[in-house]
Amino acid sequence: MMMEHPDTLAMTPSVKWPPLWRGLAVASLAAMVFAWLGFTHEQGSDYGALSLLPAALVITMAVITRKTVESLLAGSLLGLLLINPGDLISPLADVTLAVMMDETIAWLILVCGMMGGLINLLARGGGVHSFGAVMTRIIKTPKSAMAGTVGLGLVVFIDDYLNSLAVSSSMKRITDSFNISREKLAYIVDSTAAPICILVPVSTWAVFFASLLEDSGAAEGGKGMSLYVASIPYMLYGWAALAVVALVAANKLPDLGAMKKAEARARAGQPVPEGWQDEVTAEPANAVPGWLGLTNFLLPMVVLVLASVYYDIDLLKGVLVALGVTMVLYSVQRLLSFQQQVDATLDGFKVMLYPLATVCAGFILKEVNDQLGMTRYIIDTVTPLITPALLPAIVFLVMAAVVFSTASSWGVFVISLPIVVPLGQAMDVPMPLVVGALLSASAFGSHACFFSDSTVLSAQGAGCDTMDHAMTQLPYALIGGAITLAALLAAGFWMM
């Protein structure tokens, strides 16, 4: 195994219920109470404020227990019991099957699994070690190590998944050598992943949202990307998050909240959290010295990016090509046998199972929230309060809350765009400002949410617990969010 998650470590017996069972008990009891009080509804009806309960349970349980998958499952079960208190198994099976058959989920599992396999293959073949050895000769201070991480994150703008996994895996050996905590590494990586992907129009985010803008009527056919580019100056959270992470990397912004504890542990000589091990930072059996070893790392990464661009920003096809090139490269040099390469790839895929389980559980919660009508309820509740000048700021606040509650930085906009776009058009609010507020909400919600794909993969790539990463980066995300909200309020009153 390349890494052992703390949740899988052997634990001493305890008379206390495990967090999962405590969460299930709370969910079941809450659902039965609502059923007895007559608050449950027929399938498809309006659940109103009850639709907020699953998300509230997830957030509360996660903060108390610091368990992500268990919290997500408890919230999903509460939602299903609200929908149908008399039958839990059938709806649970239907929702789970629908999620696992979804094309987006299948794509995510394949991409993240094979990215894990590629990184593990690069580690065992000595590529990651060679990259780290060269970089440690160039990087001389902790500040330059953090700046180098930010710089590498800005270069890898094709996709936030690629950014989260590749940058953290590339830099962790360097940051470890300077006693920079894995939590700070995860924060720096996460803070450049989604923000840079929304600001550069050659990314998976840009391609997806440009098509969505056309489908929702915000832009005419073929003009979605033009509107997206025009909205980039107003994607204020992207700019704010990058400014904050630059200040952190330059030591101009102090360690805040839980980051203080993580950095104190790292300065004491333990940058890696207790219980975490990975092969990326271990000495490889067949290390290749000099520039050849560096080429063994850089060439697959360059191929990965170029192949993804060649196939219309498709990371799945890009990682397939990169895996093939890496296997040929290592076979020609006889670094690893074909069987060893297959084993390394499969081991890397297995390491991604826990973060993938977290993301899939998040999608299950999203499906349950959709059945409860949570997104539409929140939007309908705040719509009467909106004025043209307040629209951008309220859109940011509301949609950030929805993304934070569901961890779906893309999916919720399929529901919300057909509502928000006509509202903006009716109020004559400039559409680039509305789109900028929406993309800012998406990036902030993804960044702040403790079970979003970006958060989970950044923690996995850096080598730290998901909740530890979420809690250490939350103060900085809130700073960026506050700056964004103030700027959107100013822009709304100035432009209207």
Side-chain angles (χ1 to χ4, degrees), residues 55 58-59 62 68 72 104-105 107-108 111-112 153 156-165 167-168 186-200 203-209 212 235-242 244-245 315 355-356 358-363 365-366 369 375 395-417 435-462 466-467 469-481 483-485:
V58 171
I59 295 170
T68 49
L72 291 166
T104 300
I105 290 294
W107 183 90
L108 186 150
V111 167
C112 294
V156 185
F157 53 77
I158 295 296
D159 184 82
D160 54 333
Y161 293 170
L162 171 61
N163 197 315
S164 297
L165 292 171
V167 175
S168 55
Y187 159 69
I188 293 174
V189 170
D190 204 355
S191 292
T192 53
I196 194 62
C197 284
I198 67 171
L199 295 176
V200 177
S203 68
T204 50
W205 283 64
V207 171
F208 174 79
F209 278 102
L212 206 59
M235 297 177 190
L236 297 172
Y237 182 75
W239 299 110
L242 291 179
V244 171
V245 75
L315 194 57
L356 285 173
T358 304
V359 175
C360 289
F363 273 84
L365 177 66
K366 175 193 171 296
N369 285 332
T375 302
V395 164
F396 171 73
L397 276 177
V398 171
M399 296 314 302
V402 172
V403 174
F404 179 86
S405 301
T406 62
S408 178
S409 53
W410 288 11
V412 296
F413 291 98
V414 177
I415 301 172
S416 63
L417 267 177
V435 174
L438 282 168
L439 267 295
S440 293
S442 183
F444 171 70
S446 174
H447 192 196
C449 178
F450 57 84
F451 55 94
S452 72
D453 46 10
S454 176
T455 299
V456 171
L457 293 177
S458 295
Q460 176 71 26
T466 300
M467 281 301 297
H469 166 45
M471 298 307 294
T472 50
Q473 85 168 358
L474 184 59
Y476 305 102
L478 291 176
I479 291 173
I483 294 172
T484 302
L485 180 61

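Counting from 1, the numbers follow the sequence of the chain as shown.
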Hey, are Tyr476 and His447 close enough side-chain-wise for a donor-acceptor pair under 3.5 Å?
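The criterion, which ignores hydrogens and geometry beyond distance, is not satisfied for Tyr476 and His447.
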If you take all heavy atoms of [X] and [Y], which pair is closest and at what distance?
X: Phe450; Y: Thr455; result: O-CG2, 3.8 Å
X: Ile198; Y: Ala443; result: CD1-CB, 3.9 Å
X: Ser442; Y: Phe209; result: OG-CZ, 4.0 Å
X: Ala437; Y: Val395; result: CB-CG1, 4.2 Å
X: Ala240; Y: Gly480; result: CB-O, 3.8 Å

Enter the distance from [X]:[atom1] to [Y]:[atom2] here, rounded to the nearest 0.5 Å.
X: Leu356; Y: Gln460; atom1: CG; atom2: CD; value: 8.5 Å
X: Ser168; Y: Leu457; atom1: OG; atom2: CG; value: 9.0 Å
X: Met471; Y: Thr466; atom1: CE; atom2: OG1; value: 13.0 Å
X: Leu365; Y: Cys360; atom1: CG; atom2: SG; value: 13.0 Å
X: Thr484; Y: Met235; atom1: OG1; atom2: CE; value: 12.5 Å

Do Leu236 and Ile483 have side chains that get closer than 4.5 Å, going by heavy atoms?
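A side-chain contact under 4.5 Å is absent here.
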Check whether any side-chain N or O of [X] sits under 3.5 Å from a backbone N or O of [Y] as a donor-acceptor pair, and report yes or no.
X: Thr192; Y: Val189; result: yes
X: Ser191; Y: Val245; result: no
X: Ser452; Y: Ser446; result: yes

List in chain and number order the residues that pass side chain to side chain contact (heavy atoms under 4.5 Å, CB included) with Ala448, two or more places apart in sequence or in another chain; answer none if no residue qualifies.
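Testing Ala448 for side chain to side chain contact (heavy atoms under 4.5 Å, CB included), a comparison that skips the adjacent residues, returns Phe404, Phe444, Leu474, Ala477.
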List in chain and number order the residues that pass side-chain hydrogen bond (donor to acceptor under 3.5 Å, both in side chains) with Ser454, two or more places apart in sequence or in another chain; answer none if no residue qualifies.
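Counting only residues at least two positions away or on another chain, Ser454 forms a side-chain hydrogen bond (donor to acceptor under 3.5 Å, both in side chains) with Asp190.
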